[in-house]
Amino acid sequence: MQSEDQQSIEQVLSGDSSAYRAIVDRHQRRLLGLLVHACGDCELAEDIAQEAFARAYQKLDMFNGESQFYTWLARIAMNLLFSDQRRKRLENQVSRAALDVALDSDGFANRRPNATPEQQMELNETQQCVRQAIAMLDEERRAVVVLRDFDGLDYEAIAEALGIPVGTVRSRLHRARLELRSILQQKAVQLGLSSQ
Amino acid sequence: MNQPENNNQTQSSSEYSEEWLSAYIDDELTDAQRAVVEQRMASDSETRQLLDDLQRVRGLVNQLPAWSGKLISAPDCIQESGAAIVSTDGTTSTTDSDYDPAGDYPDELNPASDGISQNESRLHSESIAQTLEREGDPDDGAQRKVQTSLAGFAHSGQTRFRSWLRPLALAACLMMLLGGSVWVWNSGSSWTVATSTGGGRELEQEMSSADSIALKSEVKDAVEAKISQQAGPPTADNPPDRSPSLFADDGQPSAAGVRRPASPAPSEVHRDAFDLAELPPTKQAEDSLGASPAQAPASAFSANTMASEQASNAAVESTQESLAANQKMMRSHDAGQAVEGGLGRSTNDAPAMQRTDKTEALGRGSQDKANTKVQLAHSAGWNARDIEAALERLAPLLNLPITQTESPVVADSVAAIPIAIVTPKAPLSGATPLGNRLQQQAVPLQEVVPPDSKPLAWQAPFAPSVEDGPSTIALFLLRDEAEQILQAARQAGELATQPVWISSASGAPTPANPKQQVVLLFTPQ
């Protein structure tokens with residue numbers, strides 16, 4: 001994928017802007033999933049993804065190819081998200097409760113083949129609890145845990161995407177998982193977690 | 001929960017840390033560290049239990065379903081980029097060699113910013129192209145071409161500049177580019193800037209009066225000829241499309257699937273569209289015709305807009321920079337024209353309407369049209385979905401780059417007033433001069449509309465009220481665009497009332513002048 005990205009980027013930089021469509025198609029689903037879980041708001045995630053792709057296009061000549069394009073893109077997106085969240089905090093527009101409310105399953109393919117209705121319902125409830133738990137994390141921990149456990153980036157890529165040291169990624173991720181465990185336990189969800 | 005986080009990457013491999021458990025399950029430990037963890041697990045059941053929990057937590061997050069919802073499209077991204085090129089700081093960003101994707105904080109965090117949020121800004125990016133894409137419009141790709149660079153530029157003028165000074169600078173830039181005027185006003189916590197291409201502050205309105213205006217066939221012919229000219233000669237690839245024609249109405253379903261109820265007689269349509277222009281110019285209008293565009297800016301700033309002299313000076317100082325940025329943007333967009341649905345051209349390089357595709361002409365041949373951005377505001381009295389649905393149905397017929405948004409500025413000011421405002425973004429902005437004047441002089445709309453029209457009262461720009469009547473849309477447009485919208489509305493059966501026209505006298509008060517600023521009030525079904 002990296003070579004495909006690099007090829008597309010070179011095409012764009014050489015004047016073939018249509019090549020950017022391939023880049024968007026290649027990464028948007030992943031980025032949207034990341035953002036939805038990171039912010040708990042599908043519409044905001046779409047907006048930020050749009051903005052991130054736009055900024056990436058605008059600054060494409062600044063991409064030096066040392067990292068994965070997606071990592072670079074994720075960093076743009078996460079910073080846009082952080083900026084938005086911090087602005088909202090300044091305006092007192094966001095709360096954990098609001099995040100909880102904003103979460104829904106729209107946009108996610110959470111259908112499990114061959115699942116009975118009961119199993120599907122249970123799955124949906126579990127996923128909803130997990131999303132709510134993620135939403136209750138503070139933004140820094142949420143970003144790390146989503147980048148790692150949902151998006152699958154390694155620590156180094158997360159560090160690059162968030163502009164923090166790898167050691168911080170490690171500690172932040174661990175604390176995020178501990179907090180998630182605690183939240184999920186409090187929600188009394190039967191997730192097989194040990195009791196505190 | 002809020003313990004300080006350990007940033008130390010040089011931990012000794014022999015000093016166990018609980019954090020290693022997470023790193024262990026992520027395979028992010030060195031061999032030595034792994035050995036320590038495994039040794040610990042072998043001897044400590046709590047550690048094993050914690051590791052199991054961490055793995056389950058990770059698994060739960062990892063098993064969240066992938067995104068399968070709405071996707072975004074590349075052309076819109078590129079268009080968005082076009083806006084950002086000049087809007088982030090007024091400089092051309094493509095030469096920014098120090099770009100850091102993390103460098104977007106300051107303006108966002110600046111409490112002194114203009115109050116227009118990034119998210120709100122992004123709301124403006126909901127383009128008609130996306131609407132058409134959803135609706136499966138056959139002209140999908142071409143439609144996007146009307147989203148030109150300057151559309152983004154105009155868009156950015158109200159939403160992306162973070163300080164109140166920046167929109168002022170942008171407006172000044174547009175003003176100089178277009179020879180128009182600048183209006184600035186404050187609406188609560190937000191500043192709004194708009195420009196007029198008409199070139200005169202002294203916009204005067206004339207009222208349509210169905211009884212006083214006679215149908216003139218030469219006017220009809222002239223307009224049809226102009227529309228035909230714009231659409232180009234019919235070809236196999238470009239069959240005659242009568243949808244934008246003011247007089248097309250065959251009572252049959254349109255290609256876009258929009259129902260066409262029985263429509264008014266051509267004479268009625270014609271009268272509605274041009275009755276104002278048929279009136280002789282009023283004395284005020286004649287006076288205003290003599291107003292020089294160059295005279296407009298200074299007088300255009302109303303007292304209550306709080307556009308201080310200092311701000312004006314700053315705006316002028318930044319004009320050159322903005323101009324340079326704009327030119328850069330134009331060049332960038334020219335380079336991006338290969339993109340399907342990509343970026344258009346400035347008007348400077350497209351003086352004529354010679355084309356085979358009317359959408360293409362809209363995008364490349366008319367800066368004004370290309371810059372048309374429509375804000376949609378609604379209040380509690382409005383059913384937003386209905387408005388959007390109506391405009392979406394109209395959109396395929398319009399070939400105008402309408403963007404529906406809920407402008408925070410507008411929405412704030414029309415709260416609880418059952419009226420929607422659909423206004424083009426700068427630099428069209430026939431709305432602002434008229435609205436500004438109405439605000440300044442507190443002219444109730446009853447005085448400027450025919451007696452048989454709906455009883456409307458204007459209180460401020462973007463703050464009309466309806467005393468007793470149905471919801472009404474006010475379209476602030478250039479005449480040719482208004483004509484298309486009106487015609488499309490008729491064909492789609494969207495009009496519940498006869499439209500009311502208010503034309504400005506900033507342009508030549510003739511129906512043949514497609515760039516005459518007008519305000520169209522109508523009530524959708």
Side-chain angles (χ1 to χ4, degrees), chain A residues 15-18 20-21 24 28-29 32-33 36-37 42 44 46-47 49-51 53-55 57-59 61-62 72 75-76 79-80 83-84 86-87 90 106-110 127 130 134 145 148-150 155 163 165-168 170-175 177 179-181 191-194, chain B residues 1 3 5-9 18-19 21-23 26 28 49-50 52-54 56-58 60-78 80-81 83-85 93-94 96-97 99 101-102 104-105 108-109 111 117-119 122-123 125 335-336 338-340 342:
Chain A
D16 180 13
S17 299
S18 62
Y20 197 67
R21 181 190 296 273
V24 174
Q28 62 168 310
R29 199 175 296 276
L32 281 164
V36 168
H37 288 305
C42 294
L44 179 60
E46 291 166 8
D47 290 340
Q50 177 91 11
E51 184 85 6
F53 275 114
R55 296 210 182 186
Y57 173 82
Q58 182 186 4
K59 304 287 186 180
D61 55 342
M62 299 294 106
W72 186 69
R75 181 173 188 182
I76 296 173
N79 280 296
L80 287 169
S83 296
D84 186 78
R86 288 174 187 174
R87 179 193 56 76
L90 288 173
D106 289 348
F108 288 102
N110 59 350
Q127 291 178 344
V130 174
I134 293 172
V145 80
R148 171 63 207 172
D149 291 344
F150 177 77
Y155 286 13
V166 171
T168 303
R170 176 187 294 182
S171 58
R172 198 175 283 178
L173 178 62
H174 181 66
R175 295 187 194 288
R177 284 171 175 167
E179 189 177 350
L180 277 179
R181 182 183 71 152
L191 301 175
L193 298 174
S194 63
Chain B
M1 190 174 293
Q3 303 164 31
E5 290 161 341
N6 178 15
N7 297 344
N8 181 12
Q9 299 181 65
E18 190 184 86
E19 295 170 3
L21 293 179
S22 280
D26 291 331
E28 293 273 356
Q49 184 63 57
L50 179 57
D52 287 345
D53 285 352
L54 292 174
R56 286 197 181 88
V57 168
R58 186 181 75 153
L60 287 168
V61 177
N62 182 254
Q63 289 169 12
L64 287 174
W67 178 256
S68 61
K70 178 184 171 186
L71 299 178
I72 57 180
S73 56
D76 293 326
C77 292
I78 297 171
E80 188 84 0
S81 172
I85 284 172
S93 58
T94 52
D96 179 5
S97 58
Y99 177 66
D104 294 313
Y105 287 106
E108 304 295 343
L109 297 175
S117 73
Q118 181 182 356
N119 190 32
R122 283 191 292 269
L123 290 173
S125 68
V339 188
E340 179 190 359

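Both backbone and side-chain heavy atoms feed into the values below; hydrogens, waters and symmetry mates do not. Keep in mind it's a predicted model, so treat the numbers as computed, not measured. Throughout, protein chains are lettered first and strands after them, A, B, ... in sequence-line order, and every chain is numbered starting at 1.
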ask   = How far apart are the C-alpha atoms of A/Leu173 and B/Asp26, what are their side-chain angles, what is the distance that settles it, and do they pass the side chain to side chain contact (heavy atoms under 4.5 Å, CB included) test?
value = CA-CA 10 Å; A/Leu173 178 62; B/Asp26 291 331; 3.2 Å; yes
Worked check of side chain to side chain contact (heavy atoms under 4.5 Å, CB included) between B/Leu64 and A/Ile134 = CA-CA 11 Å; B/Leu64 287 174; A/Ile134 293 172; 3.7 Å; yes
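Side chain of B/Asn62 to main chain of A/Asp149: a donor-acceptor pair is present (N/O by atom type, distance under 3.5 Å, no hydrogens or angles). A side-chain donor-acceptor contact under 3.5 Å links B/Glu28 to the backbone of A/Tyr155. Side chain of A/Arg181 to main chain of B/Asp53: no donor-acceptor pair is present (N/O by atom type, distance under 3.5 Å, no hydrogens or angles).
Side-chain contact between A/Leu180 and B/Leu60 is absent, with no heavy atoms from C-beta onward closer than 4.5 Å.
Nearest heavy-atom pair across A/His174 and B/Glu18 is NE2-OE1, 2.9 Å.
Here the rule is side chain to side chain contact (heavy atoms under 4.5 Å, CB included) with A/Arg177, and of B/Leu50, B/Leu54, B/Leu21 only B/Leu54 fits it.
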